[in-house]
2 protein chains.
Amino acid sequence: MKSAAASRPMGFLIGDLARLMRRRFERRLAGSDTGLTVSEARTLAMVEHYSGWRQTALADRMGIEPMTLSGFLDRLEAAGLVVRKPDPNDRRAKLITLAPAAAPVLERIHEEMVAIRLEALEGFSEEDADRLYALLQRMHGNLCCCGPEELS
Amino acid sequence: MKSAAASRPMGFLIGDLARLMRRRFERRLAGSDTGLTVSEARTLAMVEHYSGWRQTALADRMGIEPMTLSGFLDRLEAAGLVVRKPDPNDRRAKLITLAPAAAPVLERIHEEMVAIRLEALEGFSEEDADRLYALLQRMHGNLCCCGPEELS
DNA sequence: CCATATAATCAGATTTCCTTACTATCTGCC
DNA sequence: GGCAGATAGTAAGGAAATCTGATTATATGG
């Protein structure tokens, strides 16, 4: 009946994991001289994947408020890593794309992400890793409550 | 390793989940009139489970710096929910225990945690939930072995 | 052509952490 | 005993990631 989860509630366990991974990512970013914070790096990676989207859509995708994203984009734009260009169909909106200078930084970010993933999943079989990933995504679908999970 | 994880890196997925769960917990705490933040609630729950521990040990267990814990305990103590009493064996140390007033607050916290867990794991079989929990704990074990100062 | 909704942003605040430095105390060694 | 060095807690200060509410420009439907 009572599952093992009682001993360390799921939410706290996930929070702990997030803190641990964030900490490692922070150190790695600091050491790799990108000058980015974790959230800026995440934003940059999202822009890479969802290039040309407008800020509202991107913020929604990232699960944060538009204003929060705006701040991250300010700094990325100032660093010459992304470009905000006006949407020709809607003069209120801006479309976010990568600047050329983003390429090497993204490469660095991807390397660090892979390294952390390897540390986190050390000793996991490919099967276990996939299973974990699938379960986490199901959980995400349960919580993000805004429409069905699409893939890309 | 070319698994599905490439599409949304594990670290970001876990970070997203942590943000989603934290947000729900925040709303619930605000609505349930405990006057606590998420981390204060977590600290209180830890004190319940590890009653009589000294602060350093508790902080280590929680994966945060002693100074960070100290602040949370300050507020919990001011709210009359925990007690710091001197360790009879070591006058530098203080042992943290629950104050009587903590009982109803903890009951409230447990209710909210259960509710969020149900939301997050909706549609999960007991088996899936246990499997997820076990995988997350293995991952935690992989990551938690080094303190924040010893990463490189 | 106006009312309302939407896109981005300004201003300000909160929360959760960290680092560095300091005091009091303990412990082991001469 | 008494000092050297470790350890427990904390004061001070700050960085990062988020939020909310107000503001401005623009779009869109009736």
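Letters A, B, ... are given to chains in the order of the sequence lines, protein chains preceding strands, and every chain is numbered from 1.
By the salt bridge (Lys or Arg N to Asp or Glu O under 4.0 Å) test, B:Glu77 is found to be paired with B:Arg84, residues two or more places apart in sequence or in another chain being considered. Scanning for side chain to side chain donor-acceptor pair (under 3.5 Å) contacts around A:Glu119 gives A:Arg24, A:Arg28, with sequence neighbours left out. For B:Asp60, there are no side chain to side chain donor-acceptor pair (under 3.5 Å) partners two or more places apart in sequence or in a different chain. Shown here are the side chain to side chain donor-acceptor pair (under 3.5 Å) partners of B:Arg75, two or more places apart in sequence or in another chain: B:Glu40.
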Side-chain polar contacts of residues 14-21 of chain B - donor-acceptor pairs under 3.5 angstrom, sequence neighbours left out - could you list them?
residue: B:Asp16; atom: OD1; partner: A:Arg42; partner atom: NH1; Å: 3.0
residue: B:Asp16; atom: OD1; partner: B:Arg19; partner atom: NH2; Å: 3.1
residue: B:Asp16; atom: OD2; partner: B:Arg8; partner atom: NH1; Å: 2.7
residue: B:Arg19; atom: NH1; partner: A:Met62; partner atom: O; Å: 3.2

Determine all donor-acceptor pairs shorter than 3.5 Å in which one atom belongs to a side chain in residues 103-110 of chain B; sequence neighbours excluded.
residue: B:His110; atom: NE2; partner: B:Glu48; partner atom: OE1; Å: 2.9

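Summarising the geometry, the separation between CD on B:Glu26 and C1' on D:dA17 is reported as 11 Å, rounded to the nearest angstrom. Distance A:Leu58 CG to C:dA8 C1': 13 Å, rounded to the nearest Å. When the P atom of D:dA12 is taken as reference, atom CG of B:Asp74 falls 12 Å away, rounded to whole Å. Atoms CG (B:Leu95) and C1' (D:dG9) sit 13 Å apart, rounded to a whole Å. Separating the CG atom of A:Leu69 from the C1' atom of D:dC19 is a distance of 14 Å, rounded to the nearest angstrom. Summarising the geometry, the separation between CD on B:Glu77 and P on D:dT10 is reported as 8 Å, rounded to the nearest angstrom. One interatomic measurement links the two molecules: CD1 of B:Ile64 to C1' of C:dT15, which rounds to 13 Å at whole-angstrom precision.
For residues 91-100 of chain B, the set of pairs meeting the side-chain hydrogen bond (donor to acceptor under 3.5 Å, both in side chains) definition, not counting sequence neighbours, comprises B:Asp90-B:Arg92.
Base engagement by A:Thr68 is indicated by at least one non-hydrogen atom pair under 4.0 Å involving a base atom. Nucleic acid contact class of A:Arg22 (heavy atoms, under 4.0 Å, all strands): sugar-phosphate only.
Contact record, A:Ala99 with A:Val83: CB-CG2, 3.9 Å, taken as the closest heavy-atom pair.
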Enumerate the protein-to-nucleotides 26-30 of chain D contacts in which both atoms are nitrogen or oxygen and the separation is below 3.5 Å.
residue: D:dT26; atom: O2; partner: A:Arg92; partner atom: NH1; Å: 3.3
residue: D:dA27; atom: OP1; partner: A:Arg91; partner atom: N; Å: 2.8
residue: D:dA27; atom: OP2; partner: A:Arg91; partner atom: NH2; Å: 3.3

I'd like a list of close polar pairs between nucleotides 12-14 of chain C and the protein, N/O only, cut-off under 3.5 Å.
none

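In this structure, B:Ser39 does not reach the C:dT15 phosphate: none of its side-chain N or O atoms is under 4.0 Å from OP1 or OP2. Side-chain N/O atoms of B:Thr56 include none lying less than 4.0 angstrom from OP1 or OP2 on D:dT7. In this model, the phosphate group of D:dA11 is not approached by any side-chain N or O of B:Ser70 to a distance below 4.0 Å at OP1 or OP2. Residue A:Arg84 places at least one side-chain N or O closer than 4.0 Å to OP1 or OP2 of C:dT9.
Checked against C:dC17, C:dA7, D:dA17, the side chain of A:Arg23 finds its nearest nucleotide in C:dC17. Checking C:dC18, D:dA17, D:dT10 against the side-chain heavy atoms of B:Pro66 singles out D:dT10 as nearest.
Where A:Arg19 and A:Ala57 each meet DNA chain C at their nearest nucleotide, the meeting point lying more 5' is that of A:Ala57. Mapping B:Val38 and A:Gln55 onto DNA chain C by nearest heavy atom places A:Gln55 at the nucleotide closer to the 5' end.
When side chains are defined from C-beta on, A:Arg138 counts as touching A:Leu135, because their heavy atoms get closer than 4.5 Å. A:Leu58 has its side chain within reach of A:Val47: a pair of non-hydrogen atoms, C-beta onward, lies under 4.5 Å apart.
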